[in-house]
Engineer: 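Dropping a structure here in structure tokens format, bear with me for questions.
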Amino acid sequence: MTGMQSVGGLDLLGNLRDFVMSPFSGDDGELDSSEIADIQDQYNTQRDGNRRKAGDLGFDGDYRPTVVTKNDAFPGTVAELRAKVDKIDLEAVNGLIGAWNEISVRNSTSLDEFRKQIARGMSPDIWAGSAANAAAQTVAAYDLTGKKVSTAAALTGTKLDELRTGLEPTKRLVPHEPESRSGLDNVGALFTGRGWRNDDVAQENARVEAVRILQTVYAPVIYESDARVPVIPVPKAVENGGGRPEITGPA
């Protein structure tokens, strides 16, 4: 190193380079294409699992009509789009998932207890005759409907979890508004190999990426999770068939 480049053992160019580059040496928060693909693959795998689980439930009841209107147009600046995405309440969605799963479990537990009680009350040595037969048919229908309630509640939780697999990556992938780069910022970017960036170009690129994520990640899952949402059946009250229990055995 010549004397012009080093004074008293100090590397002047190295110090200048460190001064310029240090604020820009870290990650600027932008995800590269491989990171974006990894995130999408992660949630696609989760969604596939949800759909297998939904199929395994074997629900054979009625489904609600779809209510989400298809619209793939997402106008606005990247700041406006990001503000809308920030309003997505993942905590509320996860709370609903847990609530419907709990409903399914509790209803199944109640049905198990109901069966035990009915089995004791409708034993042939306690209740026999036409009234008992009619009541048995009513109880069987109630039990079948009760099973559908548990299955429908579990399927609703699964559909909400499917929705989550679209909302979470949307919140992770829709870009925030790019920060403005000054001339010094761009000089630092050149030193770190990130290139010069004009603010208007950065804004447009971020907007295009936001729309792409909303169209390919958010919208398809919203539409799919709105389809085949089960109607929760309402069990009819159990009646005794219009007769009094006939007590059998010794008079």
Side-chain angles (χ1 to χ4, degrees), residues 36 39-108 110-111 141-142 144-176 206-237:
I36 292 173
I39 291 173
Q40 290 183 270
D41 288 343
Q42 171 190 341
Y43 288 99
N44 288 342
T45 299
Q46 292 181 17
R47 194 175 310 117
D48 290 341
N50 285 335
R51 290 170 181 168
R52 285 193 298 271
K53 181 179 178 181
D56 292 342
L57 288 172
F59 180 71
D60 62 352
D62 297 325
Y63 295 95
R64 297 182 180 277
T66 57
V67 296
V68 176
T69 302
K70 291 192 174 184
N71 179 17
D72 290 337
F74 295 97
T77 65
V78 64
E80 292 168 340
L81 294 174
R82 181 67 222 189
K84 292 178 180 179
V85 169
D86 286 338
K87 292 180 181 179
I88 295 174
D89 191 343
L90 291 176
E91 184 176 348
V93 174
N94 286 321
L96 286 172
I97 294 169
W100 279 108
N101 288 337
E102 182 70 14
I103 289 170
S104 176
V105 171
R106 288 191 179 187
N107 191 70
S108 295
S110 297
L111 276 176
Y142 178 89
L144 178 61
T145 304
K147 290 178 182 176
K148 287 186 176 181
V149 170
S150 296
T151 304
L155 181 56
T156 300
T158 301
K159 295 299 292 185
L160 285 166
D161 203 25
E162 180 181 353
L163 175 65
R164 176 196 60 79
T165 66
L167 298 181
E168 279 191 7
T170 296
K171 294 203 75 167
R172 293 179 65 180
L173 295 176
V174 168
H176 292 268
R207 186 196 67 78
V208 169
E209 177 63 6
V211 171
R212 187 189 73 81
I213 294 298
L214 291 170
Q215 289 178 338
T216 61
V217 176
Y218 172 80
V221 179
I222 294 296
Y223 304 145
E224 292 163 10
S225 61
D226 185 45
R228 297 179 69 79
V229 176
V231 173
I232 309 297
V234 179
K236 295 182 179 179

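We number each residue from 1, following the sequence as shown. Since the structure is predicted, the reported quantities are computational estimates derived from the model, not experimental observations.
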Engineer: Quick one: list whatever passes side-chain hydrogen bond (donor to acceptor under 3.5 Å, both in side chains) with Arg207, sequence neighbours left out.
Structural biologist: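 Checked Arg207 against side-chain hydrogen bond (donor to acceptor under 3.5 Å, both in side chains); matches are Glu204.
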
Engineer: Where the side chain of Lys148 meets the backbone of Gly61, is there a donor-acceptor pair that is under 3.5 Å apart?
Structural biologist: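 Flag not set: sc Lys148 to bb Gly61 has no pair under 3.5 Å.
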
Engineer: Quick check against the 3.5 Å criterion: does Asn94 have a side-chain atom that pairs as donor or acceptor with the backbone of Leu90?
Structural biologist: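 At least one qualifying donor-acceptor pair exists.
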
Engineer: Could you tell me if Asn50 and Thr158 have a donor-acceptor pair between their side chains, going purely by distance under 3.5 Å?
Structural biologist: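 Per modelled atom types, Thr158 and Asn50 side chains form no pair under 3.5 Å.
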
Engineer: If you round to the nearest 0.5 Å, how far is CZ of Arg52 from CZ of Arg47?
Structural biologist: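 So the gap between those two atoms works out to 12.5 Å.
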
Engineer: What ring pair (Phe, Tyr, Trp, His ring centres under 6.0 Å) pairs are there with at least one residue in residues 46-72, not counting sequence neighbours?
Structural biologist: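 Applying ring pair (Phe, Tyr, Trp, His ring centres under 6.0 Å) to every pair that reaches into residues 46-72, excluding sequence neighbours, yields Phe59-Tyr63.
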
Engineer: Using modelled atom types only, decide if a donor and an acceptor are shared between the side chain of Lys159 and the backbone of Ala227 within a distance under 3.5 Å.
Structural biologist: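 Looks like yes, one N/O pair under 3.5 Å.
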
Engineer: Applying side-chain contact (heavy atoms from CB on, under 4.5 Å) to Lys84 and Leu214, what does each step give before you reach the verdict?
Structural biologist: CA-CA 11 Å; Lys84 292 178 180 179; Leu214 291 170; over 6 Å; no

Engineer: Within a 6.0 Å radius of atom OH on Tyr43, are there more than 12 heavy atoms belonging to other residues, nucleotides or ligands?
Structural biologist: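 Yes, OH of Tyr43 has more than 12 neighbouring heavy atoms, counting only those of other groups under 6.0 Å.
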
Engineer: Determine whether more than 12 heavy atoms belonging to other residues, nucleotides or ligands lie under 6.0 Å from atom NZ of Lys171.
Structural biologist: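 Enclosed.
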
Engineer: Answer whether the closest heavy-atom distance between the side chains of Ile232 and Trp100 falls below 4.5 Å.
Structural biologist: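 Sidechains of Trp100 and Ile232: in contact.
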
Engineer: Is there side-chain contact between Leu155 and Arg228, with at least one heavy-atom pair below 4.5 Å?
Structural biologist: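 No. Closest side-chain heavy atoms not under 4.5 Å.
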
Engineer: Applying side-chain hydrogen bond (donor to acceptor under 3.5 Å, both in side chains), can you list everything that pairs with Asp86, at least two apart in sequence or on another chain?
Structural biologist: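 Asp86 satisfies side-chain hydrogen bond (donor to acceptor under 3.5 Å, both in side chains) with Arg82 once adjacent residues are dropped.
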
Engineer: With no hydrogens and no angle check, is any side-chain donor or acceptor of Lys70 less than 3.5 Å from a backbone partner on Pro220?
Structural biologist: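 Absent.
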
Engineer: Should the pair Lys53-Asp56 be classified as a salt bridge under the 4.0 Å nitrogen-to-oxygen rule?
Structural biologist: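 Salt bridge between Lys53 and Asp56, a charged N being under 4.0 Å from a carboxylate O: no.
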
Engineer: Could Glu102 and Arg106 be called an ion pair, given the rule that one side-chain N must be under 4.0 Å from one carboxylate O?
Structural biologist: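 Yes, charged N to carboxylate O under 4.0 Å.
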
Engineer: Under 3.5 Å, side chain of Asp226 to main-chain N/O of Val67, donor-acceptor pair present?
Structural biologist: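 Yes; judged by distance alone, with no hydrogens or angles, the pair exists.
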
Engineer: With rounding to the nearest 0.5 angstrom, report the CG to CD1 distance, Asn71 to Ile222.
Structural biologist: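 That separation rounds to 12.5 Å.
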
Engineer: Can you give me the closest heavy-atom contact between Ile39 and Pro169, atom names plus distance?
Structural biologist: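 Taking every non-hydrogen atom into account, CG2-CB, 4.2 Å.
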
Engineer: Roughly how far, to the nearest 0.5 Å, is the CD atom of Glu91 from the CG atom of Leu96?
Structural biologist: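 Those atoms lie 11.0 Å apart.
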
Engineer: Rounded to the nearest 0.5 Å, what separates atom CD in Glu168 from atom CG in Leu173?
Structural biologist: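 The CG atom of Leu173 is 11.0 Å from CD of Glu168, to the nearest 0.5 Å.
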
